[in-house]
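Proteins come first, then strands; the chains are lettered A, B, ... in the order of their sequence lines, and each starts at number 1.
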There are 2 protein chains.
Amino acid sequence: MKDKALINIAIADDHPIMRKGISDIISSFEGFSIPIQANDGRELIEQISKSAVLPDICILDISMPNLNGFETIKEIRKRWSSIKVLALSMYNNEFSIIKMLASGANGYLPKNTNPQHLQRALAAIYYTGYYDSEQAIKNTSGPNQQLKFTEREIEFLCHCCSELSYRQIGDLMGISVRTVEGYRDALFDKLDIKSRAGLVMYALRNGIMPIE
Amino acid sequence: MKDKALINIAIADDHPIMRKGISDIISSFEGFSIPIQANDGRELIEQISKSAVLPDICILDISMPNLNGFETIKEIRKRWSSIKVLALSMYNNEFSIIKMLASGANGYLPKNTNPQHLQRALAAIYYTGYYDSEQAIKNTSGPNQQLKFTEREIEFLCHCCSELSYRQIGDLMGISVRTVEGYRDALFDKLDIKSRAGLVMYALRNGIMPIE
DNA sequence: TACAACTACCGTTATTAAACCCATTTTAAA
DNA sequence: TTTAAAATGGGTTTAATAACGGTAGTTGTA
């Protein structure tokens with residue numbers, strides 16, 4: 001009887017201690033089973049492939065070796081569109097949240113969440129297909145308000161985190177230095193920043209560029 | 001009988017899931033008790049103050065609100081020099097390891113450690129007063145080899161992560177621009193970096209400057 | 001269809017950063 | 001005590017960056 005109602009969870013996280021924490025917490029809830037645990041995205045995909053029964057929900061860490069959260073979720077969407085995904089991340093900045101949800105996640109939780117939130121998120125995703133991550137977004141250390149950047153500005157910001165000169169960035173983006181400087185000035189304005197060093201820090205601190 | 005031999009552990013980590021993982025793993029070992037769990041350094045210090053029996057070992061996360069790992073360990077050393085400390089960190093870069101050990105930690109573990117290592121570390125620290133963190137250091141994403149920086153170079157590197165010009169950094173450090181440029185060039189040389197943007201990235205990626 | 005936003009480009013000027021050259025003094029180590 | 005390294009300062013030259021000022025085509029949408 002009971003088995004019939006069990007919600008199957010798969011966990012992918014490269015921190016064994018974290019996996020233990022997540023799985024023990026979920027085990028303490030009623031009606032959940034955790035048939036799959038993986039150390040990274042690639043392992044997760046392999047285990048799901050071999051599994052007789054698909055998990056209902058995958059809990060994905062964002063930063064993992066081999067396949068990170070973003071890559072893993074795309075692979076899952078491609079192969080098993082019915083599987084729901086709950087993203088879990090240390091870096092609760094607006095960008096990784098948006099990117100994760102844009103990649104097809106059904107919900108997002110920062111890692112400093114508590115067991116109650118985890119239970120609520122899993123239930124919401126299972127029964128409604130979606131968990132409102134509002135709270136996670138409210139606590140972000142990300143951009144202050146509704147700062148909007150254009151695609152090209154973000155692209156430029158990423159290239160900024162390198163030793164390329166603006167001229168070289170222009171070559172990479174297929175535009176002139178002047179245009180690059182235009183994007184720079186727009187970002188300076190929006191972010192109240194006055195130097196490239198400031199842009200680099202902004203990008204790294206807000207997860208626009210990965211730390212590692 | 002058994003109680004007599006129990007090793008008391010205190011845990012400070014701002015991630016409830018992580019605390020759950022750590023405590024469940026330790027509970028599965030023989031001879032350990034976890035009387036204290038705190039969400040940050042300040043809470044930990046308060047709880048120890050009120051506690052009748054001092055913990056034998058504190059497990060400290062490095063990045064925490066209120067009192068971070070570095071600050072917490074200094075406070076512990078000041079008040080209760082007998083308490084041993086095991087540092088635990090997401091950012092396993094050489095700098096935070098060195099800084100933690102220099103602050104008085106008896107051992108260091110990266111968070112992607114497994115239960116066996118945790119047990120070994122706790123036992124080693126309790127019985128020998130020290131856990132050889134060699135393995136953690138080997139896996140660091142930090143400086144390639146035994147890169148050595150001088151005090152002033154590190155100081156300069158921190159000021160680099162700002163919008164100050166070299167001239168302003170010189171004013172701050174009480175030296176001329178030329179000298180600042182000297183430190184910059186020394187770092188460029190050692191790190192094979194050619195721009196300030198590169199220095200900023202190096203400092204943030206290696207924990208010389210905090211991400212948040 | 002206006003209008004806003006994004007994209008792309010150009011010029012001028014001042015400041016900063018970077019790539020070299022170099023010397024002196026102090027401190028630490030061999 | 002010689003040697004090495006660190007900390008400090010200087011000069012020159014070139015390249016990159018930053019702060020202004022613009023124009024024009026495209027795209028999306030109210």
Indicate yes or no: at least one non-hydrogen side-chain atom of [X] is less than 4.5 angstrom from one of [Y].
X        : Y        : value
A/Ile48  : A/Arg79  : no
A/Glu155 : A/Tyr183 : no
A/Pro35  : A/Val53  : no

Gap between atoms [atom1] and [atom2], on [X] and [N] respectively (whole Å):
X        : N      : atom1 : atom2 : value
A/Asp171 : C/dA8  : CG    : P     : 14 Å
A/Gln168 : C/dA18 : CD    : C1'   : 14 Å
B/Asp189 : D/dA5  : CG    : P     : 14 Å
B/Leu187 : D/dA6  : CG    : P     : 12 Å
B/Ile169 : C/dT16 : CD1   : P     : 12 Å
A/Phe156 : C/dT7  : CZ    : P     : 13 Å
A/Glu163 : D/dT17 : CD    : C1'   : 15 Å
B/Arg167 : D/dG9  : CZ    : P     : 13 Å

**Item:** Estimated bend of the helix from C/dT1-D/dA30 to C/dA30-D/dT1 (axis per five terminal pairs, rounded to 10 degrees)
**Value:** 60°
Tell me which donor-acceptor pairs under 3.5 Å the side chains of residues 80-88 of chain A have, and how far apart each pair is, sequence neighbours excluded?
none

Heteroatom pairs (N/O) under 3.5 angstrom, protein to nucleotides 18-20 of chain D:
| residue | atom | partner | partner atom | Å |
| --- | --- | --- | --- | --- |
| D/dA18 | OP1 | A/Arg196 | N | 2.6 |
| D/dA18 | OP2 | A/Tyr166 | OH | 2.6 |

**Request:** Take the angle between the ring planes of B/Tyr202 and B/Phe149 and call it parallel below 30°, perpendicular above 60°, tilted in between.
**Result:** perpendicular
**Salt-bridge present (B/Glu71, B/Lys74; N to O < 4.0 Å)** = no
**Message:** To check you understand the geometry: which heavy-atom pair defines the closest contact between A/Ile73 and A/Ser103, and what is its length?
**Reply:** CG2-CB, 3.3 Å
**Asked** Closest heavy-atom contact between A/Tyr108 and A/Ser89?
**Response** OH-CB, 3.2 Å
**Message:** Of the listed nucleotides (C/dT16, C/dC6, C/dA8), which one gets closest to any side-chain atom of A/Tyr183?
**Reply:** C/dA8
**Message:** Starting the side chain at C-beta, find the nucleotide from C/dA17, C/dC10, D/dG9 nearest to A/Ser176.
**Reply:** C/dC10
**Prompt:** Which part of the nucleic acid, if any, lies within reach of A/Thr179 when heavy atoms closer than 4.0 Å are counted: base, sugar-phosphate only, or nothing?
**Reply:** base
**Asked** C/dT7 phosphate, OP1 or OP2: any side-chain N/O from A/Thr150 under 4.0 angstrom?
**Response** yes
**B/Arg42 CZ: over 12 foreign heavy atoms closer than 6.0 Å** = no
